[in-house]
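Notes follow the structure.
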Amino acid sequence: MALSVDDLRVYYRTLKGDVRAVDGVTFDIADGEIMGLAGESGCGKSSLGNSLVYLTGRMRLVGGRVELDGRELPVADFRAMNEHRFRDISVIPQYAMSALNPTRRIGGIIGDLLRSRGYRMDEIKSELIRRLELVGLDRGVLDLFPIELSGGMKQRTVMVISTLLDPSLLIADEITSALDVSTQKAVAKMLVEFREREFVKSMIVITHDISILVQVADTIMVMYAGHLAEKASAQTIIESPRHPYTKLLISSLPEVGVRYTERKLVGIPGIPPQLLDPPKGCRFADRCPLARAQCREECPPFVQVAEGHQVACWQEAA
Amino acid sequence: MSLVEFDNCCKIYKVGAFGSKRLTAVRDVSFDIGAGEVVSLIGESGSGKSTIGRMILRLSPVTSGQIRFKGTDVAPLKGDALKEYYRHAQAVFQDPFSSYNPIYRADRVFKLVKDAYFRGVPRDEWQRKLETSLEAVSLDPSQVLHKFPHQLSGGQLQRLLVARALLLDIEFLVADEIISMLDASTRIDVLNLLGDLKARGLGILFITHDLSLGNYISDRTVILRKGVIVEMGATEKVFGDPQHPYTQMLLASVPHLHHRWEDTEASWQAGDDAVEVDSHESTLVTLEPDHIVRREAA
Amino acid sequence: MKEALYFAVRNRKLVFGASVVGAMLLFAIFGPLLAQHPALEYGGVLSHAPTTHDSYWFGTTLLGQDVYAQFVTGLRLAFVVGALGGGIAALVGMLVGFTAGYRGGIVDEVLNMLTNVVLVIPTFALLLVIAAYLQVRGILAEAVFIGMTSWPWAARALRAQTFSLTSRDFVGLARLSGSSSWRIMTREIAPNMSSYIVMMFILLFGNAILIAATLDFIGLGPSNTISLGMMMQLSVQNAALQLHLWWWFVPPGIAIMLIVGSLYVMNVGLDEVFNPKLRSL
C-alpha cells in the first residue's frame, strides 16, 4: 500500500473558530495508482492534498495518521517532513507556474532545490536533461528566465522539477486549470507517462474537472464539504455512481455532443454548507433529493459497497 | 437585419514607449448576431475574444472597421446616445467577485441602474420591478438583497448581474466567460438561464474557451484563433464536421466523459503550435450555407 | 468597517502612536492659552533655566524670550504646516494620480512627465530663489511650497493603485450603467483606496512637519513668527549647546521627534489593521 490515510482531520484557525476543511478522511492508494480527487470549490480537496506535504500557517492537524510505503509520515512536524519532501512525497502546487522565481534562471532554481536536498547539480544534470527532453523542452531552457517560457512550458518545467528525485507519491493540484485545452491534453498525458516510466509511483490528481480525470486516472475519489462521498474506478464513477451527489454532478456536465435543445441538463440547487459550524449529519443532506431523517442526524460512514467501490451514504450502504 | 453586425473589425494596440510598436489583437473579424440567437465565440487565451466583447460595448475602441447595432454604427455614440445604447446592450463578465465593488452591498448594482435610467420611479414600483427581475433568474429576493458580495456565492452573483441587465429591457447580452469561475453544479443553472433568455428573444454573444459549453447552448459558433476567424457557422456543422485543422485539433483535445482521447502520441508539438497559423493571404471560403472556413489562397 | 475598528483598538502601535499625537495636539491647542508672555517679547532674565516660581516654565533664551511661549506657538504652527502642507500634497497627488491611472493613454503620459519633472526639481534651490523674491514669508507660503513640491510620490503611488482598480470589472460595469467618469472615480475607485489614502495622508503630514523643521533650521522659515525649527536654529546660532542652555533646544527637538515618530508608528499599526495578512493571530 503506497499511501494510507486514516481519519485525517485538518482545520483552519480563524478568529471565529475552526473551519473544518478536512474532517475525518480515510482512504488508501495502491502502488502505481493514479487517483483523481474531484470536488467543487471549498470541498477540501486542495487542503487534503496540501496537508500531506506541508501545513501552512493557519492549518492545524487535529487528528489522524498518514502512512507512506509502510512508514508514518510526520505531517504535523514541518522540520521532520523536510526529509520526505521531494524525495518520498512531492507536490505540484496550484499556480505552480507563477511560483517560479522571476529573477532566477530555471537552472539556478533547480540547482538550489537539489542543494537543499544534498545533491549536486552535476550528479543529476544528465538525468534532468533527459527528462526535459522527454517533455519536449530543450536543454537551453535551463538558461532561460521564467518570463521567457509560455504557460505550458512552465507547467512542464515544474512537473519535471517536482518529480526529479523520483518520489513515491506525487500530488498534482489543479495543474491543468489555467491552461488552454490543447496544452491541457499534453500535460495530462504526461502525468500518465511519468508513471509509465516510473518517475513517480502513485499520484493524487486534484481538479474540479472530472472529464480530465476520466482520461488519466485509474480511480476517482469525490469529496464534498470536507468529507469523502465516493471512491471507485473512473469507469464506475462515470457510468454507475452510487452517491447522490456524484450522480447529480455527473449528470450536470455538458459534453460535446449534448445540446440544450435536445436535453436540458440540470444542476444541483443550493450551496455547500459552511465549514465553520457544519451540520451534524450528512453534509449533503440539504441538497439531496433522497435525504431522510437519519441522514440529518448521523454522518454516514465511508464503507465498501462493492469491490474497489466505497460510498458514504445511508441509502446506498443499506 | 441582424441585431449586431461586425464589419471587418480590427483592434491594434500601441505598445512600447510612446506607442512605437504595434500589437494586432483582432484582425478582419466579420460576423453577425440575430435576435433570439446565441452565437458562441470560442477561442483560447490570446485569441482576442474578450477584446471583441469589449469592443461591442464601447469599453475598448475599434481601430478600424465598424460595429453596428440595429444598423447604427456604435463608435460615434456619446453622452445620452451612448446611455441609450446601454439600455439595449449589456454585459456580464467572468469574475463575479471582481464585478462587484467589495465595499458596497451587492444590490448597489441595481441602484446604479436606477439612478441613471429610472430616476423618477417611486420606491414600491421599483421594488416590484426588482423582484420580477430576480424571479426571472430564479433568485429569492429575501436571500440576495441587502447582502455584501462576499456573503453570496458565485452563481448567485452572476445571476444577479443578469437580473440587473434584465431591468433595462435589453435586446443584446455579451456573456464573457460567465460560468468559467463557477462550480460545475451551478454552471448549468446559469447556462440554462441563458437558454431562457434566448427564448424571450434576446441575442446573446457567448464568449468561452470551453467547447462543450459552446456546443450545448449556441445556435452558431465562431472559432477564433490569434485574432482571426478560422471557422464559423451553424453549431452542428462546425462541431459535427470541422474543416479547419485548428478546429479539428481543438475538438480532439477536449476531454470526454465517456471515452478516452484517441491514443495519439503525446507529441509536444501538441497544442497551438501543432497547427500552422493562417497567413495574411488566407481568406474565408463559404463551403455551404452557414459553414465558412479560412483557407489559404490557392 | 466594523472589523477594521475592532482591530484598530487592539493594535498597540496604532493606539500608542495616536495617543502621543493626540496629546501633542491637545498641548498645541490649549498650551498657548496658558502662555504668560508673548513669544517674541524680550523681557525676561537672560538665559534663565526653567523654574516654577516665576512664569518662565521652560526658561528663557539668551535674549530673554519665554521658551514656553515660543514652544507652544511653534507646536501649533507645526500642526498647521503639517495639515496644510500635507493636505495640499495629498489633494494634488490624488487629482494627478487618479486621473492618470483612470484615463491612461496620452493623459497618463503627460501627467507622468509632469510628475517626474516636479520630482527632480531641486526644492532647496527653488526655495532660495523664492526666498529672495518674497519680502515677508508667512507660514501659509511655507505650507503651500511644501505641498506643491512633495505631491509627486503620492501621485505615483495612487496612480499605480488606480491602474489596478480600473482593470477590475466593476468599473466596466459602472460605465455600462451610465455612470460618468467623475462619479466612477469618486464613488467606485477612491472609496476602495480609502485605507491607502489615509495612510498616505499621515505620511505626508509627518513629512511636511519634517521638511518645515528643516527649512526653518537653515533659516528659510517664516519671517514673522517663531517655529520649532527656528527655535533650534536660533539656539545653535547662539551657541546654546556650548552654553549649556539645554532648555532652549531640547523641547523643540523632542517635540518634532515625538510627533513625526508617532505618526510613523501609527502608520505601521494602520497597515496591520487594514492588511489582514500582516496580523498575527
Side-chain angles (χ1 to χ4, degrees), chain A residues 38-43 133-137 150-152 156 176 178-190 192-193 208-216 234 238-239 245 248-272 287, chain B residues 38 43-47 138 152-156 180-192 194-195 198 209-219 235-236 239-240 246 249-261 263-275:
Chain A
E40 303 187 287
S41 58
C43 70
E133 276 165 10
L134 174 69
V135 302
L137 290 171
S150 76
R156 287 181 260 157
T176 53
L179 301 174
D180 289 331
V181 72
S182 41
T183 333
Q184 254 187 19
K185 180 176 176 183
V187 167
K189 289 194 108 166
M190 185 163 101
V192 184
E193 181 89 13
H208 61 274
D209 187 353
I210 297 194
S211 41
I212 288 270
L213 293 180
V214 167
Q215 307 297 325
V216 300
I238 298 296
E239 286 171 11
Y245 174 62
L248 287 172
L249 192 62
I250 301 289
S251 63
S252 76
L253 299 175
E255 253 209 283
V256 176
V258 174
R259 304 204 64 207
Y260 174 79
T261 42
E262 299 158 14
R263 173 163 77 94
K264 202 161 146 174
L265 297 172
V266 181
I268 311 177
I271 48 175
R287 302 166 82 186
Chain B
V38 179
E44 304 193 300
S45 57
S47 56
S138 318
L152 299 170
S153 74
Q156 287 172 313
S180 58
M181 296 195 80
L182 301 180
D183 280 328
S185 56
T186 35
R187 277 184 190 192
I188 281 297
D189 287 330
V190 178
L191 212 49
N192 286 339
L194 286 186
K198 169 185 117 121
H209 64 276
D210 188 333
L211 288 113
S212 15
L213 297 176
N215 181 245
Y216 178 69
I217 194 75
S218 59
D219 302 305
T235 306
E236 320 80 68
F239 280 79
Y246 183 67
M249 188 237 14
L250 279 184
L251 281 169
S253 311
V254 172
H256 289 255
L257 278 181
H258 294 280
H259 56 268
R260 297 218 159 188
W261 284 316
D263 281 283
T264 49
E265 233 185 62
S267 142
W268 294 109
Q269 280 299 79
D272 222 354
D273 314 318
V275 180

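Numbers restart at 1 for each chain; the letters A, B, ... are given by sequence-line order, proteins then strands.
The two residues A252(B) and K185(A) come nearest to each other via the heavy atoms O-NZ, 3.3 Å. Nearest heavy-atom pair, H256(B) versus Q215(A), reported as atom, atom and distance to 0.1 Å: O-NE2, 2.7 Å. Shown here for P254(A) and L213(B), the closest heavy-atom pair between the two residues is CG-CD2, 3.6 Å.
Taking S180(B), G154(B), S212(B) one by one and counting their heavy-atom pairs under 4.5 Å with chain A, the maximum is reached by S212(B). Of the listed residues (I268(A), I238(A), L265(A), V266(A)), the one with the most heavy-atom contacts under 4.5 Å to chain B is L265(A). Contact tally against chain A (heavy-atom pairs below 4.5 Å) for T235(B), I188(B), L211(B): the top residue is I188(B). Looking only at heavy-atom pairs under 4.5 Å with chain B, the residue among L213(A), I212(A), V216(A) that has the most is I212(A). Per-residue heavy-atom pair counts under 4.5 Å with chain B were compared for H208(A), R287(A), E40(A), and the maximum is reached by E40(A). Listed options V214(A), I250(A), L248(A) were ranked by heavy-atom pairs under 4.5 angstrom with chain B; first place goes to V214(A).
L253(A) is linked by a side-chain contact (heavy atoms from CB on, under 4.5 Å) to I210(A), A184(B), L257(B), counting only residues two or more places apart in sequence or in another chain. Contacts of E236(B) classified as side-chain contact (heavy atoms from CB on, under 4.5 Å), with partners at least two apart in sequence or in another chain: R259(A), A234(B).
At a 4.5 Å heavy-atom cutoff, the contact between L249(A) and chain B is made by side-chain atoms alone. For chain A, the nearby part of L251(B) is the side chain; its heavy atoms alone come within less than 4.5 Å. For V192(A), no part lies near chain B; criterion is any non-hydrogen pair under 4.5 Å.
For the atom pair OG (S47(B)) and CG (D180(A)), the distance works out to 8.5 Å, reported to the nearest 0.5 Å. Residue S211(A) holds its OG atom at 8.0 Å from CG of D210(B), rounded to the nearest 0.5 Å.
Two residues are said to be in side-chain contact when any heavy atoms from C-beta on lie closer than 4.5 Å; V181(A) and E44(B) meet this criterion.
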